[in-house]
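We name chains A, B, ... by the order of the sequence lines, and we start the count at 1 in each one. Note that the structure is a prediction, hence the values are computed from the model and not measured.
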Number of protein chains: 2
Amino acid sequence: MNIELNQVAADQRRVAIFKALADQNRLRIIRVLYQEQREMTCSEVGAQLQISKSTVSYHFKALRLVGLTNTRQVAQTKYLSLQTATFDRYLPGFLATL
Amino acid sequence: MNIELNQVAADQRRVAIFKALADQNRLRIIRVLYQEQREMTCSEVGAQLQISKSTVSYHFKALRLVGLTNTRQVAQTKYLSLQTATFDRYLPGFLATL
DNA sequence: ATTTTAGTTCGATAATCATCAAACTAAGCA
DNA sequence: TGCTTAGTTTGATGATTATCGAACTAAAAT
């Protein structure tokens, strides 16, 4: 486990995170979660951003897979919130610019 | 010129910046510029990252178009450097994580 | 046992993107 | 006038992506 390999792994993580944020709808999801300071459901976000529920589900998955969000499930409802640790590590100060 | 329109414009800028950073080679270019703390040419970067000069030119343009880099031209040579103001405004603290 | 609710997965489509070699431009040099 | 150097632009190709509706899963309510 040498330094160069860690560098490559960290970079792949960074690229994945940037890809996840390089979409207008996902950025809007992040902003609304940050500004409302609370968990939100798929339906709630879909209604607010005017996009179909399958598309919202797709974006929720993309954000969760790169570790930018958390999901808490209660019965059939899933609550989404920001995983601030990931932002702190890879994009410190970014959320405050929104 | 209302607040919502400014918000949309700022978001488009953000998405463009994230897209520019969501590529392994462009991220490597940013890192090498940050770590070397100096201007670098297309050829120099191409040699270091082992990619063709047309591809490097393509990435240089992508970074310049979103304002992440500066270009200073001397005769037929172009020197690239980071535009730190853009990082400070949209991604404060990011460069230091590299 | 249906029906409703919340979300996921699939299939299809249209669009964007990264890459390279080849051809090109433009400046400096012999 | 060529020749070299540094970078850009132009196809062409293969890969990935965002989007939607439709079909599906699983839990809750009636």
Take R14(B) and T97(A) through the side-chain contact (heavy atoms from CB on, under 4.5 Å) test and state the conclusion after the steps.
CA-CA 10 Å; R14(B) 269 187 257 266; T97(A) 71; 3.3 Å; yes
For K53(A), report the nucleic acid contact type (base, sugar-phosphate, nothing); a contact means any heavy atom under 4.0 Å.
base
Using a 4.0 Å heavy-atom cut-off, does T77(B) contact any base of the nucleic acid, only the sugar-phosphate backbone, or nothing at all?
sugar-phosphate
Tell me: [atom1] of [X] to [atom2] of [N], nearest whole Å?
| X | N | atom1 | atom2 | result |
| --- | --- | --- | --- | --- |
| F18(B) | dT17(D) | CZ | P | 17 Å |
| L49(B) | dC20(C) | CG | P | 11 Å |
| L63(A) | dT8(C) | CG | P | 12 Å |
| M40(A) | dA6(C) | CE | P | 14 Å |
| K78(B) | dA6(D) | NZ | C1' | 9 Å |
| F60(A) | dT19(D) | CZ | P | 14 Å |
| E39(A) | dA6(C) | CD | P | 16 Å |
| R64(A) | dT8(C) | CZ | C1' | 10 Å |

So which nucleotide from [options] ends up closest to the side chain of [X]?
| X | options | value |
| --- | --- | --- |
| D23(B) | dT9(D), dA18(C), dG28(C) | dA18(C) |
| S52(B) | dA6(D), dA21(C), dT9(C) | dA21(C) |
| A75(B) | dA18(D), dG28(C), dT19(D) | dG28(C) |
| Q76(A) | dT5(D), dT5(C), dC20(C) | dT5(C) |
| S54(B) | dA22(C), dA27(C), dG7(D) | dA22(C) |
| N25(A) | dG28(C), dG7(C), dT19(D) | dT19(D) |

Compare side-chain N and O positions of [X] against OP1 and OP2 of [N] and report whether any pair is under 4.0 Å apart.
| X | N | result |
| --- | --- | --- |
| Y58(A) | dA18(D) | yes |
| S43(A) | dG7(C) | yes |
| K61(A) | dT9(C) | yes |
| H59(A) | dT17(D) | no |
| K19(A) | dT16(D) | no |

Contact check, side chains of T86(B) and R13(B), non-hydrogen atoms, under 4.5 Å
yes
Here the pair of heavy atoms bringing M40(A) nearest to F60(A) is O-CE2, 4.4 Å
Supply the atom-to-atom distance R28(A) CZ to I51(A) CD1, rounded to the nearest 0.5 angstrom.
6.5 Å
Test applied, side chain to side chain contact (heavy atoms under 4.5 Å, CB included); reference residue, L63(A); option that passes from I17(A), T69(A), L33(A)
T69(A)
As a quick check of understanding, evaluate side-chain contact (heavy atoms from CB on, under 4.5 Å) for F94(B) and F94(A), giving each step before the final call.
CA-CA 8 Å; F94(B) 163 67; F94(A) 163 68; over 6 Å; no
